[in-house]
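Each residue takes its place number in the sequence, starting with 1. Since we're looking at a predicted model, the values are computed, not measured.
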Amino acid sequence: GQYISTRADVVPDPYIERLRTLQDSVPAKPLSVTVDTILQELRLTALDEAFSRFDLVPLATASIAQVHRATLLHACDGVPAGAEVVVKVQHANVGRKVLQDLRDLRLLIHTIGRFEPDYDFSAIIDEARHPDSSPFFACALLLLLWSREVPKELDFINECRNMVEIEKAIDDHNAKFAGVPALHIDCGFPRAIDSLCSERVMVMTYIDGFKLTDKDGMAVSGVNLQSVVLNIIKAYAFQIYVIGFWNSDPHPGNFLVGKSQSGAHIPYLLDFGLTKRATTQEVMALSRVLISAKNADFTTLISAMQDLGLGYFAAENPERVMKTIQFIFRRTSSKQETRLEVEKRREEMLAEGANSKKPRTKKETEEVRKATDAIPGVLIFFSRVIALLRGLSVTLEVPIDYLDVMVPYATLFLDERFRGAKFGLLEVAPVQPPTSTLEDRIATILKTSIDLGHAIGAQVVVYRHGQLLVDVSGGVMGKFDPRPVQKDSLFPVFSCTKAITAAVILHLVKWGKIDVDEPVTTYWPEFIANLPPDSDGYAWKKQITIRHILSHTSGLSKAGSEVLGTNPFAITEWDTMVGLMESAVPEHAPGAASAYHFLSFGWLLGRIAERATGRAFKDLAKEILDASGVEAFGFVGIPNGVESRLASVYWDAAELEDIIRFGTSRLASASIVRPPSSRPMVELDSVSPFAPAAGPGTAAAEAAVLPSDATGVPTATAAVSRLGLNPMIANPTFFNQLNVRRSVIPAASGNFSATGLARFYNSVLASLDAANASAEKPPLYDPVALGAAAAPSSTRGFALGFHRYLFRPRPADPTHGGL
């Protein structure tokens with residue numbers, strides 16, 4: 001009843017009002033019984049031995065205990081004589097009654113199981129877990145977990161210890177982060193008087209304050225309710241994500257709003273009977289789930305859910321799990337809006353279930369049963385707390401962005417715990433000696449780079465004349481994903497995807513399907529269908545050849561940007577983007593200028609390949625990759641089943657600042673001299689396929705690339721405006737998102753391991769080497785055409801998809817050279 005009374009976000013107001021009395025206004029027990037309990041527990045013969053005044057009418061009465069105000073007669077445990085206190089007295093025989101209720105519920109479940117075998121969960125109650133995925137199973141599991149924890153709530157000595165532990169932890173934390181508003185917590189606690197505490201009686205200092213539900217009284221006194229609720233949420237974020245020990249019953253009756261020593265109104269936290277202590281591994285997993293929701297990081301989500309024993313559900317439908325978590329931690333709104341949101345989400349889930357509903361095989365059913373069996377008890381209490389806190393915010397109509405408030409605490413915990421787990425496979429003694437001296441040197445350099453904070457994880461693979469010289473993997477899969485990078489870990493490779501797209505075109509050139517000097521309209525008549533025939537754009541577009549696109553001289557470098565500027569997720573919609581290519585107007589005559597076709601390169605060439613062959617581009621790309629020996633080491637548009645192999649990428653804020661300030665000419669030298677402590681990692685901020693898209697110039701869009709500061713550094717929006725892009729698309733972390741990685745974006749959505757990418761490039765080079773050709777293994781590309789395609793124009797700088805050059809890196813001039 002207490003729980004339901006707090007859920008104003010989902011329960012109608014009449015029920016809330018009726019059940020709210022269970023928080024602190026149930027009928028009081030007979031005074032004589034209460035006094036007898038106090039005398040017996042504190043070993044007194046009369047109340048006036050300890051109290052100069054004792055109010056006979058209780059301040060509050062709840063299901064387990066009632067609270068009386070009193071005045072301390074003598075100084076006790078550092079609390080002076082005459083101090084106002086409260087005496088919390090457990091109801092007589094309540095422990096026996098609660099345990100009897102639990103036994104009755106057990107009997108009820110056994111009885112239901114006898115008459116309805118499909119709902120037989122007696123095994124759970126007997127602690128031999130019988131897994132199932134029905135709501136009734138969840139109730140039975142909750143009952144089991146609750147029956148283990150309730151006896152702890154009946155021991156007030158234990159409650160006293162809990163309160164002292166949490167108060168001290170918050171005090172120590174505040175001393176450390178006094179100047180950090182996002183981490184500092186303004187809250188208070190009553191002081192327990194140890195010598196007047198027993199298993200059934202607890203005496204604490206009196207807090208003069210408002211009930212949290214007394215909105216009118218607080219308004220008259222000028223209480224900043226937003227600040228009060230915010231600090232309650234921060235206090236619980238600290239308990240859950242930093243110390244892994246929290247009060248599991250945050251209903252309004254367990255808070256008061258009083259003044260601190262400074263005179264500010266703050267929340268006081270009461271009642272620490274029902275608590276839950278999580279293991280370090282559980283806190284790490286819960287923290288990583290939260291951060292993955294903030295950053296739409298499916299890789300970290302799947303890994304964290306596996307650590308919680310829920311990997312099956314995350315792998316089966318990661319999008320649904322991500323969407324659910326983001327919904328749970330969404331910003332709170334009014335009661336009416338919240339109820340509409342809940343109803344909408346319920347309808348979405350029903351629709352998702354109907355669309356995906358198919359008969360499970362016997363094996364799949366067993367997997368579900370095993371997965372449900374693995375639900376950890378900590379998750380039940382964690383979910384209860386989050387739901388109660390949301391209900392609290394909605395009841396008081398205080399908007400709170402839970403992700404923004406809680407993520408700093410999860411980040412703090414993980415930053416401290418992950419310091420030792422960073423080298424991955426580089427920490428493991430190699431099973432065999434290095435392939436070459438070069439490999440040994442590369443491994444040393446990689447480990448140093450990770451140690452200095454210049455990289456989280458990486459793979460390095462080197463072929464020379466078809467011979468494998470280096471194959472090294474090191475570091476971890478993500479900033480908050482401690483799994484080691486493996487040989488088959490898949491990274492977003494961004495514009496390297498253009499090489500696969502160019503290879504598809506050059507492969508079709510070899511087989512006579514395409515001529516690079518033919519106009520695009522030869523293969524794709526709709527390419528000009530949407531432009532007025534008498535316009536310059538029509539005339540220019542009609543002259544565009546495939547060569548112009550391969551060499552980035554078609555004039556269509558910004559094609560599609562008018563939509564991507566406001567809806568970055570249109571990038572995942574093939575038909576939409578192809579249609580935009582058909583409607584695009586060239587900025588200049590073909591060949592007149594050169595401008596990097598950041599994204600349009602892929603859709604233009606991909607659609608030409610489709611029209612020339614009648615096959616989907618994704619199939620054409622896979623055919624090239626398979627023929628190149630890439631196998632499962634790389635994809636353009638990942639298939640199902642590889643999600644656990646996905647690594648995440650992050651911006652290095654220092655390098656990004658250097659790019660915006662000085663351009664790429666300063667990147668290498670600036671990166672080398674900058675100390676590691678000033679190189680924070682910047683993650684995608686509040687961007688997900690389920691959140692509203694942030695357009696250019698918005699705070700969310702700019703935070704997605706580079707936080708604003710007072711140094712005069714231009715914003716990321718200005719830095720990428722030359723490309724006409726939404727800053728989220730210009731941010732590499734945008735491509736961590738699962739729906740982006742699953743999409744076919746021929747200029748950007750490649751996900752490869754270094755092995756896969758190196759094998760692909762090795763196959764391209766092999767076609768230039770006549771010595772490698774044979775009847776059994778003919779080259780994939782015509783050597784003459786490929787050689788010409790890899791030679792850059794003397795005036796434009798771009799070759800036809802590839803650029804072959806001698807590898808002579810100059811630290812002051814890193815380039816984007818393809819091959």
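H173 places a side-chain N or O within 3.5 Å of a backbone atom of L183 that can act as its donor or acceptor partner. Of the possible donor and acceptor atoms, one in the side chain of H68 sits under 3.5 Å from a partner among the backbone N and O of D55.
Residues that satisfy the side chain to side chain contact (heavy atoms under 4.5 Å, CB included) test with E167, not counting sequence neighbours, are D171, F189.
Note on R288 versus D307: salt bridge recorded, some NZ/NE/NH1/NH2 to OD/OE distance being below 4.0 Å. A salt bridge links E165 with R277; the closest basic N to acidic carboxylate O contact falls under 4.0 Å. The existence of a salt bridge linking D48 and R53 is excluded, since no basic side-chain nitrogen approaches an acidic carboxylate oxygen closer than 4.0 Å. Of the charged side-chain nitrogens involved, none lies within less than 4.0 Å of a carboxylate oxygen, so that D172 and K176 do not count as a salt-bridged pair. Between D155 and R200 there is no salt bridge, since no side-chain nitrogen of the basic residue lies less than 4.0 Å from a carboxylate oxygen of the acidic one.
More than 12 heavy atoms of other residues, nucleotides or ligands shown are found within 6.0 angstrom of NZ on K215.
Side chains of L196 and V201 form no contact here, defined as non-hydrogen atoms less than 4.5 Å apart.
Of all heavy-atom pairs between L290 and A410, the closest is CD2-CB, 3.9 Å. When all heavy atoms of N231 and D186 are compared, the closest pair comes out as OD1-N, 2.8 Å. Looking at every heavy atom in both residues, G209 comes nearest to L256 through O-CD2, 4.2 Å. Between C160 and C197, the shortest heavy-atom contact is SG-SG, 4.4 Å. Counting all heavy atoms, side chain and backbone alike, N247 lies closest to T275 at CA-CG2, 4.0 Å.
Donor-acceptor pairing under 3.5 Å is lacking for the side chains of T71 and Y206. In this model, no donor atom of one side chain and acceptor atom of the other lie less than 3.5 Å apart for Q90 and T37.
Taking the six-membered ring for Trp and thresholds of 30 and 60 degrees, F238 and Y409 have ring planes more than 60 degrees apart, a perpendicular arrangement.
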